[in-house]
Number of protein chains: 2
Amino acid sequence: MTSDNIQKEECDYLESYNAKDFDRPSTSVDNVIYTIINNALHVLIVKRSNHPFKDQWALVGGFVDLNTDNNLEMTAKRKLKEKTGVNTPYLEQFSTIGNKDRDPRGWSVTTVYFALLPSENITLNVGKGANDIKWAKIDNGKISETLAFDHSEILRECTQRLRSKALYTSLPLYLMPEKFTLHELQEVYHAVLSSKMDPKSFRRRMLTTDLLEETAEMRQTGRRPAMLYRVKNDQPFFFTRTIEGI
Amino acid sequence: MTSDNIQKEECDYLESYNAKDFDRPSTSVDNVIYTIINNALHVLIVKRSNHPFKDQWALVGGFVDLNTDNNLEMTAKRKLKEKTGVNTPYLEQFSTIGNKDRDPRGWSVTTVYFALLPSENITLNVGKGANDIKWAKIDNGKISETLAFDHSEILRECTQRLRSKALYTSLPLYLMPEKFTLHELQEVYHAVLSSKMDPKSFRRRMLTTDLLEETAEMRQTGRRPAMLYRVKNDQPFFFTRTIEGI
DNA sequence: CTCAATTATTGGCTTTGTGCCACTATTTTA
DNA sequence: TAAAATAGTGGCACAAAGCCAATAATTGAG
């Protein structure tokens, strides 16, 4: 068969193809949106106003809208923007969970993204499908609220991934405000890792990369003032060694 | 509203819920199946016997079957077993790609897994939807065949991920036959990384973990015989330092 | 005005694991 | 018996982390 014939055949095939002829799972995106509040890791959750799991807390997510979303990341960003107003977060795909039991409506697939938001002036909007929204504090990888669907498990695994990446990357930098001291950055690492590091080692690790630059300002806190830094290089950095002893 | 009332409401809601009322993307799984042949990394590809992309090579994949597959991983394993007979590979979810352009039939989501198969006696079956199947050699992260859909890009990115993980994990061990010499293992690392390492450093790195154990046998190759090892610990190992200079 | 308390920052030695490269060991074949 | 080939080791240098004590800069109590 010639290549032209195959092209023709494919056109015919596509013309007669009807998406409704095949059973498909539902497809959604869920965001695990982290930020730092009072030196503790928090995650954004919403209270569902619709069935199923009505009036229960859940991660920020929603179905892919085939008309407005060109790809999965657009779905993730649309929901993120709707709830926080943030346009350009650090956003990374975490994992996709698909099975026949996670949603009472039937076979369901969700692609989970996680976002890191700087800890400054974020205004929350309840948005669609929700009647409440709040930051929930993460303790020991868990929050006190029970979440809808398999979201508690997703949150636990995603937080574990974030923690593991903090051991060898600069990801926690995306949780920082524009200007910050090295001590403040170290506190954020502590919040993510739930473990303390030596300040000398931490400073050396951060300053021997090209990630940070000094500002002309100092943080005045009533004791010895501390140098304020800002991010110089926006790319995530991968260290060649992990932090040990976790 | 009482909790009982909500339960009742949810039952009513689920009863009236009709999956066909909502447009959903198609959902598939694609496998990037690696093995080692003649000291080179290879990937399994099939020639499609159906539209679209009829008669073109593609990764091993297929649609989720809502009736037989309980979850996405079952879809991945079902296709893997159909083509190779392998039941228990190393299988890891790589990434999910979903957009409106990747499939001419419309909005499509595919979850990509990668599998590592030991380099020994695997019998290939053409299986459903294909009229040919073969191992394609990976050179510089690419194969010479053009692949259907966005599979060439998926292969490139997935191979990059495998390469990057080989720098700090023991993943290449899953590509080894039951017994192997340290030199043979190093050759597999070389095949994955496309770069050479010092034999002393490599042996030290491998032997200071608890990953391997000596067998009583030696590989006889006509020169000095080499100790044969087998895998002692089936869990993937994460080194605290990456191999440098790549 | 001086000193204790507090927080920021540095000095410097130890430890760990890799890079490097020359050297030794064991086998076959010429 | 020696050369060639492959397996495996000795040992030092180096980079980056751990560890912990010392120094620096500031405020507030007396």
Side-chain angles (χ1 to χ4, degrees), chain A residues 39 164-170 172 176 179-190 192-193 195-230 237-246, chain B residues 39 164-170 172 176 179-190 192-193 195-230 237-246:
Chain A
N39 272 338
S164 138
K165 288 198 103 165
L167 289 174
Y168 63 95
T169 71
S170 63
M176 304 307 291
K179 295 173 187 173
F180 51 89
T181 69
L182 281 177
H183 180 75
E184 288 160 1
L185 177 57
Q186 187 174 357
E187 287 295 317
V188 169
Y189 266 87
H190 288 172
V192 172
L193 295 174
S195 82
K196 305 250 181 209
M197 326 160 53
D198 176 77
K200 175 64 192 291
S201 303
F202 181 78
R203 302 172 73 86
R204 189 178 39 204
R205 188 173 162 101
M206 290 301 155
L207 293 176
T208 51
T209 68
D210 200 37
L211 284 167
L212 304 179
E213 65 183 3
E214 296 187 352
T215 66
E217 296 165 69
M218 308 286 276
R219 171 85 72 219
Q220 307 290 347
T221 54
R223 291 292 173 263
R224 176 176 174 174
M227 175 60 69
L228 281 168
Y229 292 84
R230 75 166 67 85
F237 184 82
F238 291 76
F239 297 93
T240 56
R241 302 198 195 175
T242 61
I243 299 167
E244 66 178 50
I246 308 293
Chain B
N39 273 338
S164 137
K165 287 198 104 166
L167 289 173
Y168 63 95
T169 72
S170 63
M176 303 308 290
K179 297 172 186 173
F180 52 87
T181 69
L182 280 177
H183 181 74
E184 287 161 1
L185 178 58
Q186 187 175 356
E187 287 295 317
V188 169
Y189 266 88
H190 288 173
V192 173
L193 294 173
S195 82
K196 306 251 181 208
M197 322 159 57
D198 177 76
K200 174 64 191 291
S201 303
F202 181 78
R203 302 172 71 85
R204 188 178 39 204
R205 187 171 161 103
M206 289 301 155
L207 293 177
T208 50
T209 67
D210 201 36
L211 283 168
L212 304 179
E213 64 184 2
E214 295 187 352
T215 66
E217 295 164 71
M218 307 288 275
R219 171 85 72 219
Q220 306 291 346
T221 53
R223 291 290 175 265
R224 175 176 174 175
M227 174 61 69
L228 280 169
Y229 292 84
R230 75 166 68 83
F237 184 82
F238 291 76
F239 298 92
T240 56
R241 297 201 201 173
T242 61
I243 299 167
E244 66 179 48
I246 308 293

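Because the structure is a prediction, the values reported are computed rather than measured.
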Q: Ignoring the backbone of B:Ser201, work out which of C:dT18, D:dG18, D:dA16 is nearest its side chain.
A: C:dT18

Q: Could you tell me the separation between the CZ atom of A:Phe202 and the P atom of C:dT7, rounded to a whole number of Å?
A: 18 Å

Q: Rounding to an integer number of Å, can you tell me how far B:Glu214 CD sits from D:dA7 C1'?
A: 13 Å

Q: Can you check the B:Asp198 CG to D:dC14 P distance for me, whole Å?
A: 16 Å

Q: For the pair made of CD in A:Gln220 and P in D:dT26, what is the distance, rounded to whole Å?
A: 7 Å

Q: Between atom CD in A:Gln186 and atom C1' in C:dA8, what is the gap in whole Å?
A: 11 Å

Q: Of the listed nucleotides (D:dT26, D:dA16, C:dT10), which one gets closest to any side-chain atom of A:Arg223?
A: D:dT26

Q: At 4.0 Å (heavy atoms only), tell me whether A:Met197 reaches a base, stays on the sugar-phosphate, or touches nothing.
A: nothing

Q: Is a side-chain N or O of B:Thr242 found less than 3.5 angstrom from the main chain of B:Leu167, in a donor-acceptor match?
A: no

Q: Output yes when at least one side-chain N/O atom of B:Arg205 is less than 4.0 Å from OP1 or OP2 of C:dT18, else no.
A: yes

Q: Rounded to the nearest angstrom, tell me the gap between atom NE2 in A:His183 and atom P in C:dT10.
A: 15 Å

Q: Have a look at B:Arg204 and say if it touches a base, only the backbone sugar-phosphate, or nothing, with a 4.0 Å heavy-atom cut-off.
A: base

Q: For B:Lys200 and D:dT9, what is the distance between atoms NZ and P respectively, to the nearest whole Å?
A: 8 Å

Q: Can you tell me which nucleotide in C:dT26, D:dA15, C:dT9 comes closest to the side chain of A:Ala226?
A: C:dT9

Q: Of the nucleotides C:dT9, D:dA25, D:dA15, which has the atom closest to the A:Arg241 side chain?
A: D:dA15

Q: Hey, does the side-chain of A:Arg224 have a donor or acceptor N/O within less than 3.5 Å of a partner on the base of C:dA8?
A: yes

Q: On the nucleotide D:dT6, are OP1 or OP2 found under 4.0 Å from the side-chain N or O atoms that B:Thr221 carries?
A: no

Q: Contact class for A:Arg203 vs. all strands (heavy atom < 4.0 Å): base, sugar-phosphate, or nothing?
A: base

Q: Need to verify one output field. Residue with the more 5' nearest nucleotide on DNA chain C, A:Leu207 or B:Gly222?
A: A:Leu207

Q: Parallel, tilted or perpendicular: which describes the rings of A:Tyr168 and B:Tyr168, with under 30° parallel and over 60° perpendicular?
A: tilted

Q: What is the minimum heavy-atom distance between A:Met197 and A:His190, and which atoms define it?
A: N-NE2, 2.9 Å

Q: Flag the pair B:Phe202 / B:Ile243 as yes when at least one side-chain heavy-atom distance between them is below 4.5 Å, and no otherwise.
A: no

Q: Write down the distance between CG (A:Leu185) and P (C:dA8), rounded to a whole number of angstrom.
A: 13 Å

Q: Compare the minimum distances between each of D:dA17, C:dG19, D:dA25 and the side chain of A:Glu244, then state the nucleotide with the smallest one.
A: D:dA17

Q: Determine the minimum heavy-atom distance between A:Pro225 and A:Gln220, stating which atoms define it.
A: CG-OE1, 3.5 Å

